[in-house]
Amino acid sequence: MKIMIVDDERDIGLILGTEFQAQGHETVALTSVREALSYLEERPVDVIICEFEMPEENGMTLFSWLRFNRPHIPFYILTAVPLVENEKILELGVKDILFKPQDLIRITELFK
């Protein structure tokens with residue numbers, strides 16, 4: 001399985017990428033929505049885990065693009081702060097909302 005991790009905190013991508021690779025998954029760790037969109041235009045992925053709040057664009061920008069262009073790809077939101085509209089976000093089709101740092105171990109167990 002190829003897992004895309006999008007987080008402006010480079011360490012998060014490295015930590016999760018290392019764990020997923022140890023499980024036998026291929027990973028790509030990117031630091032912005034723009035990088036992710038560029039990557040997705042050229043190459044496929046099986047799952048996306050994306051930080052909600054980033055400096056230029058948030059995770060919902062990527063999710064919106066995905067719903068129109070690759071609706072079959074499961075999308076997980078990663079965030080350090082509680083989101084006001086958790087229920088609404090999940091109703092839109094986001095697979096789950098994961099909180100860092102407490103859910104980092106849970107995240108790596110999702111695809112075992």
Side-chain angles (χ1 to χ4, degrees):
M1 175 181 310
K2 188 171 193 175
I3 303 171
M4 174 184 279
I5 304 155
V6 184
D7 196 313
D8 60 314
E9 294 181 54
R10 194 172 300 277
D11 289 347
I12 297 295
L14 293 173
I15 291 166
L16 292 176
T18 300
E19 289 297 318
F20 288 135
Q21 288 171 1
Q23 295 173 14
H25 301 295
E26 184 180 347
T27 62
V28 58
L30 304 169
T31 58
S32 73
V33 169
R34 222 169 268 201
E35 287 178 333
L37 291 172
S38 178
Y39 187 95
L40 289 167
E41 287 177 4
E42 303 285 327
R43 291 161 240 138
V45 298
D46 299 303
V47 174
I48 298 175
I49 300 169
C50 183
E51 167 66 50
F52 185 78
E53 283 298 327
M54 290 184 277
E56 293 177 19
E57 296 174 289
N58 71 28
M60 291 309 287
T61 302
L62 179 56
F63 178 72
S64 296
W65 181 92
L66 206 63
R67 286 303 124 222
F68 287 104
N69 296 282
R70 307 265 171 29
H72 64 282
I73 299 175
F75 187 87
Y76 293 82
I77 288 284
L78 183 60
T79 185
V81 295
L83 304 176
V84 176
E85 299 180 348
N86 284 4
E87 295 290 323
K88 186 176 181 179
I89 290 171
L90 293 172
E91 287 173 8
L92 292 172
V94 169
K95 192 83 168 152
D96 202 354
I97 299 170
L98 306 162
F99 296 93
K100 56 181 179 179
Q102 61 266 37
D103 282 342
L104 289 181
I105 292 173
R106 186 173 144 230
I107 294 167
T108 60
E109 294 175 351
L110 289 173
F111 310 108
K112 280 189 174 180

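Using a distance-only test at 3.5 Å, with no hydrogens or angles considered, a donor-acceptor pair links the side chain of N69 to the main chain of W65. T61 contributes no side-chain N or O that, together with a main-chain N or O of E57, makes up a donor-acceptor pair within less than 3.5 Å.
Contact annotation: the side chain of M4 approaches that of V6 to within less than 4.5 Å [non-hydrogen atoms, C-beta and beyond]. The closest side-chain heavy-atom distance from M60 to L92 is below 4.5 Å. Contact of the D46 side chain with the I73 side chain is not registered, since no non-hydrogen atoms from C-beta on lie closer than 4.5 Å. Annotation: side chain of K100 is in contact with side chain of E51 (closest heavy-atom distance under 4.5 Å). A heavy-atom distance below 4.5 Å is not found between the side chains of D8 and S32. For the pair E56 and R34, the minimum side-chain heavy-atom distance is below 4.5 Å. Taking the side chain as every heavy atom from C-beta outward, V45 and L40 approach each other to under 4.5 Å. Side-chain atoms of C50 and F63, non-hydrogen and from C-beta on, never get closer than 4.5 Å to each other.
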Please evaluate residues K95 and Y76 with respect to the criterion side-chain contact (heavy atoms from CB on, under 4.5 Å), reporting the C-alpha separation (whole Å), side-chain torsions for both, the decisive distance (0.1 Å), and the verdict. CA-CA 5 Å; K95 192 83 168 152; Y76 293 82; 3.4 Å; yes
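Across every non-hydrogen atom of T27 and Q21, the tightest pair is OG1-NE2, 2.8 Å. Taking every heavy atom of both residues into account, M54 and T31 meet most closely at SD-O, 4.2 Å.
More than 12 non-hydrogen atoms from other residues, nucleotides or ligands lie less than 6.0 angstrom from CZ of R67.
The aromatic rings of H25 and F20 lie perpendicular to each other, with more than 60° between the two planes, well past the 30° mark.
Residues S38 and E42 have side chains that never bring a donor and an acceptor to within less than 3.5 angstrom of each other.
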